[in-house]
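Remarks on the structure that follows.
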Amino acid sequence: MKMVACGCCAASWRRCVVMSLRLLFLLPAGLPVRSQGESQSDNKQMDNITIRQGETLFLSCLQGDFVTHTAWLNRSSILYAGEDKWSVDPRVSLVTLNQDEFTIKIEDVDLTDEGQYICAVQTSSRPRTTSVHIIVQVPPKIVNLSKDLVVNEGSNVTLMCLANGKPEPAIGWRMLSPSDDSLSSDSEVLEIPFISRYRAGVYECTASNDIAVDTQTVELTVNYPPSVSDGRDVGVTLGQRGVLQCEADAVPEADFEWYRDDRRIFNGFDGIEIEDAGAFSKLTFFNVSEADYGNYTCVAINKLGSANTSIILYEIIEPTSSTLLQGPGAVQDGNSGTSTVFTPTCLLLVVLLQLLLKF
């Protein structure tokens, strides 16, 4: 191993560094390396350095007296040999180089920068190395997430969430909107067997480690057949405006159909207007006639089924003005339209006259 100390005198420094460092660092850790004077090299292991992805790393080693040459290596690649930059990475730069300190800087650290770094110093008597292991921490990032889903009620649903990071992130699921703490998972998979319409909503996946948290959401839509609210019968006076209303709960939204007995009614039919708006449908009569009174059926339909309800349009008879003027003892004369009021006194007189006539 004589060339470790003497080779630098006979060859260029750059070539010498490569040869010397290869000899030094291909040997097992702790194995003595001797120069021409049989002196032993000093190999020092520093504590690990932990840094977050994206931050700036500074690597320093102390020089001491009688240093002739220095170099920083990343695994088997030379980053700097003295003031000469060997690395083509623009993120690597020299900060300080003097008799006391040899410091380089690596900006925007990435996971590929993780590993062992060695500072090699050649003194007049023997080489000396200082090594340190760099650990790069990476914030979590969700890389594979289930897409928004549309399923039918009663289906079995599986939501998947995968994430990268260092340390390895913990992953969890929860129902975000509407909030439901009972529906959650502490793993990459959330299983929802025989899903109901009440499990539809927004689900959130969370990936977290000691550095940061990443969250993403999945929207889950559950299709189900229509259910129709009970219809309310409507009373309308002849000639007035009447409105029948129908409400249906369904996903996807229901289409509505109206029937009179077994005959379907269409918009504009006999002056009738049908207006649908989301979950509601209205059947409007602008001038109710005698023929309009009767039983009507509202049917709500989507691709999963149908439901219906019946509504009766019945007549309300308004009291006339003459009826309102008459008291409780009035008797209507159908010919003259006049009325006669009999009081208890009059009745008594009639009875007495009949008795007198008998005698």
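Predicted model only: the values in this text are computed from it and were never measured.
With values rounded to the nearest 0.5 angstrom, E191 atom CD is found 8.0 Å from M160 atom CE. Of the inter-residue distances, the one linking I134 atom CD1 with I49 atom CD1 reads 4.0 Å to the nearest 0.5 angstrom. We find the OH-NZ distance between Y80 and K105 to be 10.0 Å, quoted to the nearest 0.5 Å. Residue Q137 holds its CD atom at 4.0 Å from CD1 of I211, rounded to the nearest 0.5 Å. For the atom pair OG of S93 and CD1 of I104, the computed distance is 8.5 Å after rounding to the nearest 0.5 Å. Rounded to the nearest 0.5 Å, atoms CD (E219) and OG1 (T221) are 5.0 Å apart.
Listed for the D233 side chain is a donor-acceptor partner under 3.5 Å among the backbone atoms of I312. Under the 3.5 Å distance criterion, the side-chain polar atoms of W173 are matched with a main-chain donor or acceptor of E188. Looking only at distances, a side-chain donor or acceptor of N302 sits under 3.5 Å from a matching main-chain atom of L304. Although no hydrogens or angles enter the test, the distance criterion places no donor-acceptor pair under 3.5 Å between the side chain of Y117 and the main chain of L59. In this structure, N308 contributes its side chain and C298 its backbone to no donor-acceptor pair below 3.5 Å. S179 places no side-chain N or O within 3.5 Å of a backbone atom of L176 that could act as its donor or acceptor partner. In this structure, N209 contributes its side chain and V138 its backbone to a donor-acceptor pair below 3.5 Å. The main-chain N or O of V95 is never found under 3.5 Å from a side-chain atom of T103 such that the two would form a donor-acceptor pair. Put simply, the side chain of N267 gets close to the backbone of I274: a donor and an acceptor are under 3.5 Å apart. With N98 contributing its side chain and E101 its backbone, the two residues share a donor-acceptor pair below 3.5 Å.
With a 6.0 Å radius and a threshold of 12 heavy atoms from other residues, nucleotides or ligands, N144 has its CG atom above the threshold. In this structure, Q45 places its CD atom where more than 12 heavy-atom neighbours from other residues, nucleotides or ligands lie under 6.0 Å away.
What you find for W258 and C246 is that their closest heavy atoms are CZ2-CB, 3.7 Å. Heavy atoms only, all atoms of each residue included: A248 and A254 are closest at CB-CB, 4.4 Å. Scanning all heavy atoms of the two residues, the minimum distance from A207 to I171 falls at CB-CG1, 4.3 Å. Scanning all heavy atoms of the two residues, the minimum distance from S306 to P226 falls at N-CD, 4.0 Å. The two residues R232 and I311 have their closest heavy-atom pair at O-CG2, 3.2 Å. In terms of heavy-atom proximity, V288 sits nearest to G242 at CG2-N, 4.0 Å.
Defined by atom type and a distance below 3.5 Å, a donor-acceptor pair is present between the side-chain atoms of S187 and S185. No hydrogens or angles considered: a donor-acceptor pair under 3.5 Å links the side chains of D276 and S281. If you check the side chains of S182 and D180, you find a donor sitting under 3.5 Å from an acceptor.
Between W86 and L73 the shortest side-chain heavy-atom distance does not fall below 4.5 Å. Looking only at side-chain heavy atoms (C-beta outward), T130 and K44 come within less than 4.5 Å of each other. The side-chain heavy atoms of I195 and N156, taken from C-beta on, include no pair separated by under 4.5 Å. Under the 4.5 Å side-chain criterion, counting only non-hydrogen atoms from C-beta, I192 is in contact with L220. Put simply, the side chain of Q216 reaches to within 4.5 Å of the side chain of D214, judged on heavy atoms. Side chains of T206 and V213 form a contact here, defined as non-hydrogen atoms less than 4.5 Å apart. Contact of the C61 side chain with the W72 side chain is registered, since non-hydrogen atoms from C-beta on lie closer than 4.5 Å. Between Y259 and I265 there is no side-chain heavy-atom pair separated by less than 4.5 Å.
The hydrophobic clustering, which links ILVMFWY residues whose side-chain heavy atoms are closer than 4.5 Å, places I142 and L159 together. Note on M46: it clusters hydrophobically with L79, by side-chain heavy-atom contacts below 4.5 Å among ILVMFWY residues. Linking Ile, Leu, Val, Met, Phe, Trp and Tyr whenever their side-chain heavy atoms come within less than 4.5 Å puts F285 and F269 in one cluster. Cluster membership for I106 and V132, using ILVMFWY side-chain heavy atoms within less than 4.5 angstrom, is shared. By the criterion of side-chain heavy atoms lying less than 4.5 angstrom apart, applied directly or through intervening Ile, Leu, Val, Met, Phe, Trp or Tyr residues, V157 is grouped together with V218 in one hydrophobic cluster.
The salt bridge (Lys or Arg N to Asp or Glu O under 4.0 Å) analysis of residues 167-176, with sequence neighbours excluded, yields the pairs R174-E204. Among pairs with a residue in residues 285-297, those fulfilling side-chain hydrogen bond (donor to acceptor under 3.5 Å, both in side chains) read R260-Y296, S289-D292, at least two apart in sequence or across chains.
Salt-bridge formation is detected for the pair K166/E114: a Lys NZ or Arg NE/NH1/NH2 atom is positioned less than 4.0 Å from an Asp or Glu carboxylate oxygen. The pair D89-R91 counts as a salt bridge, with a side-chain nitrogen and a carboxylate oxygen less than 4.0 angstrom apart.
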Derivation and outcome, side-chain contact (heavy atoms from CB on, under 4.5 Å), residues N48 and H133
CA-CA 5 Å; N48 294 343; H133 192 85; 3.3 Å; yes
Under the criterion side-chain contact (heavy atoms from CB on, under 4.5 Å), I'd like the reasoning laid out for V121 against T129: C-alpha separation, chi angles, the key distance, then a yes or no.
CA-CA 6 Å; V121 175; T129 66; over 6 Å; no
As a quick check of understanding, evaluate side-chain contact (heavy atoms from CB on, under 4.5 Å) for V150 and N223, giving each step before the final call.
CA-CA 7 Å; V150 179; N223 292 333; 3.5 Å; yes
Using the rule given for side-chain contact (heavy atoms from CB on, under 4.5 Å), can you reason through C119 versus F102, listing the C-alpha separation, both sets of side-chain angles and the distance that settles it, and then say yes or no?
CA-CA 8 Å; C119 177; F102 183 25; 4.1 Å; yes
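Each of T284, L283, V236, V234 was compared with V243 under the side-chain contact (heavy atoms from CB on, under 4.5 Å) criterion, and only T284 meets it.
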